[in-house]
Enquirer: 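Structure in structure tokens, see below.
Note on naming: letters A, B, ... go to the chains in the order of the sequence lines (proteins, then strands), and numbering restarts at 1 for each one. None of these values were measured; they are calculated from a predicted model.
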Amino acid sequence: MADQAVSRPASSFRLPSLSALGPLLALILLVALGAFLNDNFLSQGNITNVLARSAFIGMIAVGMTFVITSGGLDLSVGSMAAFIAGVMILAMNALLPSMGVGVPLILAGMGVALAVGLAAGLANGLLVTRAGIEPFIVTLGTMGIFRSLVTWLADGGTISLDFAVRQLYRPVYYSGLFGIAWPILVFALVAIAGQVAMRHTRFGRYCEAIGSNDKVARYSAVSVEGVRLATYVLLGLLVGLATIMYVPRLGSASGSTGMLWELEAIAAVIIGGTALKGGYGRVWGTVVGVLILSLIDNILNLADLVSPYLNGAIQGVIIVLAVVLQRGKKSSA
Amino acid sequence: MTAAPVLELRDVRKSFGPIEILHGIDFALHPGEVHALIGENGAGKSTIMKILGGFLEPTSGQVLLDGRPAPYASGAEAEAAGVVVIHQEFNLAPDLTVTENIWLGRELGRVFLDHKAMRAGTQALLDQLDTHISPEARIADLPVSDRQMVEIAKALSRKARVLIMDEPSAVLTQREVEILFRQIDRLREQGVALLYTSHRLEEVTRLADRITVLRDGAVVRRALRGELTEDGMATAMVGRDLQDIYPERRHSMGEVALEVRGFHVPPLVHDVSFTLRRGEVLGISGLVGSGRTELAEGLVGLRPATGDVRRNGVAVHIRSVRDAAHHGMAYLTEDRKERGLLLDKTLRENLTLSTLPRFGTPFISDAREETALTEAIGEFDIRAPRRDMKVGNLSGGNQQKLLLAKTLLPDPEIVIIDEPTRGIDVGTKSQIYAFINELASEGRSVIVISSDMPEILGLSDRVLVMRQGRLAGELEGERISETNVVRLVMGTSEGANGEAAHG
Amino acid sequence: MERRTFLATTAAAVAAAGLATPALAQGKKAVIGVSIPSATHGFMGGLNWHAQETIKRLKATYPNLDFVLATAGAVGKQVNDIEDMMATRNIDALVVLPFESEPLTSPVKAVKDAGKWVTVVDRGLSQEGIEDLYVAGDNTAFGRVAGEYFKANLKSGAKIVVLRGIPTTLDNERVDAFRKAIDGSGIEILDMQHGNWNRDKAFSVMQDYLSKHKKIDAVWAADDDMAIGVLEAISQSGRQKEMWVVGGAGMKEIVKRIMDKDPQLPVDVTYPPALISTALEITALRFVSDTPVYGRFIIGSTLITPANAAQFYFPNSPF
């Protein structure tokens with residue numbers, strides 16, 4: 001009878017199940033395919049390009065992982081990025097006469113980006129938690145609001161950063177440390193911190209508990225609303241951080257900036273194995289998902305595989321396959 | 001003497017993966033008979049019912065309906081063949097009304113729904129069950145016991161030849177159980193074959209014409225009415241002699257740990273006052289819906305409430321579970337699947353959820369959590385095939401023990417336990433009673449809320465009875481008896497008000 | 001004012017016969033409905049700005065004219081806008097830039113059938129003869145002018161890459177004309193991918209072109225927004241000296257750089273968003289004078305060079 005009770009602790013390291021490795025497998029296959037199709041695929045230049053491009057969506061998707069894990073959703077991140085970029089550029093242009101071109105001006109711009117991101121995330125979070133409106137509806141609404149605001153700020157055109165400021169700011173996207181571009185470094189840090197937070201802190205555990213069953217969480221002394229609010233604020237801040245890395249790339253923002261980023265971020269989260277209905281989050285999976293999405297684009301550009309008209313279809317097929325690889329086993333179990 | 005069986009299992013085996021959980025079961029249901037199937041949790045009762053009801057296929061062996069292989073392969077087809085199952089996990093759509101649920105899948109009316117006829121039909125069924133549930137009520141708005149009645153009404157409407165009931169009385173009050181029994185008697189007279197399961201052995205004695213006792217996936221005892229005492233049933237189920245399942249009380253009560261005055265939990269609970277001493281087990285009895293759970297949830301900050309609450313003589317304001325924990329109070333919910341445990345998470349994550357800050361800041365220490373789990377598994381005798389399994393795959397009894405371990409992890413001084421043994425087998429029950437007793441003898445205060453009369457009588461040093469949101473009376477010592485409690489519960493006690501005044 | 005001169009040089013007006021009758025009784029205001037796509041990218045942003053500016057100016061000039069402007073983000077929304085204008089604003093004329101030709105044809109025809117004046121801008125309807133007035137840019141010329149420049153300035157065997165827009169008929173017309181123009185020149189098109197008239201997308205497509213192709217002599221970016229992304233990708237790779245870029249439309253930043261003789265941006269091809277102004281002005285004339293205004297106005301595409309760039313530079317426009 002007593003031998004039925006397992007009394008020895010499970011080893012702290014367990015191999016992930018085959019299904020968890022699905023997205024990783026898809027990523028490896030894509031890399032092999034890319035290398036096979038084009039010699040330059042594995043060149044340092046191309047890898048840097050792909051990783052740096054992934055960085056914006058990547059940071060946002062890490063934040064999105066927490067929101068989705070706790071049972072929420074945020075459709076507004078793409079528009080939010082455009083709005084933050086617009087406000088950040090306008091603020092830097094406005095401060096230019098008083099502050100002059102210099103590092104303090106750049107830092108002020110970064111501060112503005114983070115502050116606006118925090119405020120936007122707080123707005124989403126409060127509407128969801130305090131007003132009790134469905135996250136889908138709240139963020140669908142704010143998506144439209146942020147998008148219109150940036151179009152309005154830009155007068156329907158493009159908001160451009162002052163040329164001299166841009167020259168100073170440019171290296172934040174284009175240069176790096178030890179040959180690794182800044183966006184890649186920052187993305188890596190965000191991803192690692194996200195993974196640790198999800199697996200090894202109370203915040204991550206609470207997100208999973210709330211997504212799994214918010215009533216149980218409430219009965220277990222978890223501040224359900226507080227944690228939910230925190231996920232939206234965190235996501236807002238990460239959108240701000242992504243924008244800080246994005247603006248120096250082209251130095252501009254317009255109504256089309258960040259178009260469909262929300263869907264890419266959500267797709268990356270789901271491809272990575274986080275449950276769309278919440279309750280289970282996997283940050284490293286999200287990173288893999290983001291890389292899969294940008295690699296598909298990259299490979300389609302590098303190899304003339306199919307008519308460019310069909311690029312969307314190829315992407316769709318790979319996204320669905322990645323998810324099938326991961327869930328295929330479940331239905332039979 | 002008995003008619004040929006309607007529904008029969010012959011040498012049925014069932015395996016999940018490599019593990020065989022039913023070992024050659026022979027089992028038959030006869031028309032006009034109530035056949036009780038009893039056994040501890042995990043003995044295989046649910047699997048047998050699922051096979052009978054068409055929800056599972058046996059790995060080998062035969063299911064015979066009227067002597068021929070059963071012509072159904074799903075629950076819906078079984079229902080069409082007259083075999084209806086009343087599930088313990090309700091099969092009701094929570095967002096639909098009572099009427100809509102009862103007629104689900106066989107709505108009346110050709111092109112447009114005939115709402116009037118369906119409503120009238122529903123009302124007739126509900127009247128038969130002597131319940132005042134509105135046919136228009138949404139299932140989600142109904143308390144658990146009403147949902148059970150709707151489930152029963154739905155089964156009655158199916159004109160079943162075979163009715164399989166999986167612990168229908170578990171969530172019902174005494175009065176509702178009586179109504180249920182009358183319906184069962186009526187159906188038996190009409191020649192329906194009934195299968196009844198319950199952990200309440202006195203119900204089995206009252207109802208069953210035939211008893212089959214199951215242990216570890218095999219039949220260990222068959223008996224006809226009158227051949228088996230309740231004690232005999234319990235012994236057969238557990239496979240060993242059971243001493244009295246209630247521990248001997250030897251509590252030494254200390255000073256007042258909690259004092260509640262004029263406590264209101266809108267909209268149901270009004271003006272409740274009581275005290276709780278250290279080392280005391282205080283039972284709270286009353287019908288489901290009398291405000292017992294609401295009172296408890298109000299006390300631990302899960303519902304907005306007003307009134308004076310003093311801990312060790314000091315006034316406290318508790319607005320959240322966290323506040324309650326801070327004042328050494330913990331609440332174990334009656335709804336372990338929806339409010340108590342995260343069914344899709346592991347034992348470890350469940351155990352530590354409400355006490356995570358103790359396991360490291362900012363990073364949770366896996367090692368400390370594992371140690372806590374090892375201790376809990378040992379201390380509460382939680383039997384899990386694997387430590388990293390999902391809690392939803394544990395048996396009800398082990399879930400309850402885990403929930404108890406989780407609730408006690410913060411080391412509370414006051415523990416409120418709502419329905420400590422709902423849907424749990426006899427063996428586990430007696431373990432849980434022992435834990436409760438031990439808590440009191442350690443000097444903690446325990447409040448036990450229960451619909452199970454013997455439980456209240458067997459555990460409590462003092463009993464509060466609630467009726468319609470108010471305290472109907474208080475019983476202590478010699479005065480704690482079934483008759484006294486039932487009188488207070490039903491409001492028939494002449495001295496009911498007087499009791500409250502004396503108390 | 002500058003815009004007028006530019007229109008004068010480029011617009012070829014084919015006036016149809018017929019008497020124009022002033023549509024208005026004295027004292028009543030004529031309402032002109034304007035339905036255009038919303039400002040989702042640079043060109044449309046410019047077009048929106050020009051539309052608003054022109055409406056402001058015309059209102060001030062002609063007090064008996066009123067305008068209803070609606071911008072739509074999708075085809076369905078545009079159809080609804082037009083129906084609402086008919087139902088609730090009682091418009092006398094409709095100036096419409098159809099989101100897509102096919103779905104807008106019958107709603108616009110309904111307006112015409114109700115006896116209203118219809119001006120169609122830039123994208124034709126799928127049925128002939130509905131509109132009273134048609135004002136459009138010339139997509140074939142847009143591709144041809146760019147192609148001719150490539151043919152004249154590159155040697156045989158030169159390698160180029162192309163960024164296409166969003167897959168549409170308009171994009172096909174431009175690309176076909178471009179191909180036809182460079183036909184026989186020996187110029188090799190290495191790659192042609194969609195950049196969706198978007199800076200970010202064009203940036204990544206160009207990055208990938210640069211990884212893939214060791215030698216590129218020139219880029220036809222076909223749109224100034226895309227040209228900005230392309231230039232950024234080129235400077236990241238440090239290959240600025242290797243190739244030049246031709247965009248399209250006439251964005252002020254690009255025109256400025258041509259004025260400043262940027263070797264990376266030798267020329268640009270116009271496709272002026274101001275064509276909406278032309279359409280509005282001509283439609284307004286219909287209601288304030290007896291000028292016959294029926295017909296087709298095709299605004300050609302011209303090559304902006306350092307020599308003529310100044311005439312195409314509107315520093316106040318957002319585009």
Enquirer: Grab the two heavy atoms, one from C:Q207 and one from A:N49, that are nearest each other, plus how far apart they are.
Expert: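 Distance-wise, the nearest heavy atoms are NE2-OD1, 3.1 Å.
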
Enquirer: State the CD-OH distance between C:E232 and A:Y173, to the nearest 0.5 angstrom.
Expert: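 With rounding to 0.5 Å, CD (C:E232) is 10.0 Å from OH (A:Y173).
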
Enquirer: Between C:F203 and A:L250, is there a side-chain heavy-atom distance shorter than 4.5 Å?
Expert: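 Counting from C-beta outward, A:L250 and C:F203 do come under 4.5 Å.
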
Enquirer: Is there a donor in the side chain of C:S235 and an acceptor in the side chain of A:R170, or the other way round, less than 3.5 Å apart?
Expert: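 Per modelled atom types, C:S235 and A:R170 side chains form a pair under 3.5 Å.
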
Enquirer: Heavy-atom pairs under 4.5 Å with chain A: which of C:K212, C:M44, C:M192 has the most?
Expert: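 Looking at each of C:K212, C:M44, C:M192 in turn, C:K212 comes out on top.
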
Enquirer: Under 4.5 Å, heavy atom to heavy atom, which residues of residues 29-47 of chain A contact chain C?
Expert: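 Near chain C, by residue number: A:N38, A:N40, A:N46.
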
Enquirer: Mind checking the NZ-CG spacing from C:K201 to A:L260? Nearest 0.5 Å is all I need.
Expert: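 Separation between the atoms: 11.0 Å.
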
Enquirer: Can you tell me how far the OG atom of C:S211 sits from the CG atom of A:N298, to the nearest 0.5 Å?
Expert: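 Nearest 0.5 Å value for the OG-CG distance: 7.0 Å.
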
Enquirer: What distance separates A:N301 CG from C:L210 CG, expressed to the nearest 0.5 Å?
Expert: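 If we round to the nearest 0.5 Å, A:N301:CG and C:L210:CG are 11.5 Å apart.
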
Enquirer: Picking from A:R147, A:M259, A:R166, which has the most non-hydrogen pairs under 4.5 angstrom with chain C?
Expert: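 Going by pairs under 4.5 Å, I would pick A:R166.
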
Enquirer: Given the options C:N48, C:T71, C:V205, which has more heavy-atom pairs under 4.5 Å with chain A than any of the others?
Expert: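 Highest number of heavy-atom pairs under 4.5 Å: C:V205.
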
Enquirer: Which one wins on heavy-atom pair count under 4.5 Å against chain C: A:S254, A:G255, A:S256?
Expert: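 Looking at each option in turn, the highest pair count goes to A:S256.
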
Enquirer: Heavy-atom distances under 4.5 Å only: say whether A:S160 touches chain C with side chain, backbone, both or neither.
Expert: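 For A:S160, the contact with chain C is made by the side chain alone.
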
Enquirer: Counting neighbours of NZ on C:K241 that are heavy atoms of other residues, nucleotides or ligands and sit closer than 6.0 Å, is the number greater than 12?
Expert: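 Result for NZ/C:K241: open.
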
Enquirer: If you define the side chain from C-beta out and look only at heavy atoms, does anything of C:D225 sit under 4.5 Å from A:T158?
Expert: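 A side-chain contact exists here, since the closest heavy-atom pair is under 4.5 Å.
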
Enquirer: Which answer fits C:N196, side chain, backbone, both or neither, if we ask what part of it has an atom under 4.5 Å from a heavy atom of chain A?
Expert: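 It is neither, since no heavy atom gets under 4.5 Å.
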
Enquirer: Go through the atoms of A:L300 and report whether side chain, backbone, both or neither lie under 4.5 Å from a heavy atom of chain C.
Expert: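 Backbone only.
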
Enquirer: Would you call C:D200-A:R53 a salt bridge at under 4.0 Å N-O?
Expert: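 Between A:R53 and C:D200 there is no salt bridge, as every charged N stays at least 4.0 Å from the carboxylate O atoms.
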
Enquirer: Under 4.5 Å from any heavy atom of chain C, what part of A:A303 do you find: side chain, backbone, both or neither?
Expert: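 Interface part for A:A303: backbone (N, CA, C, O).
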
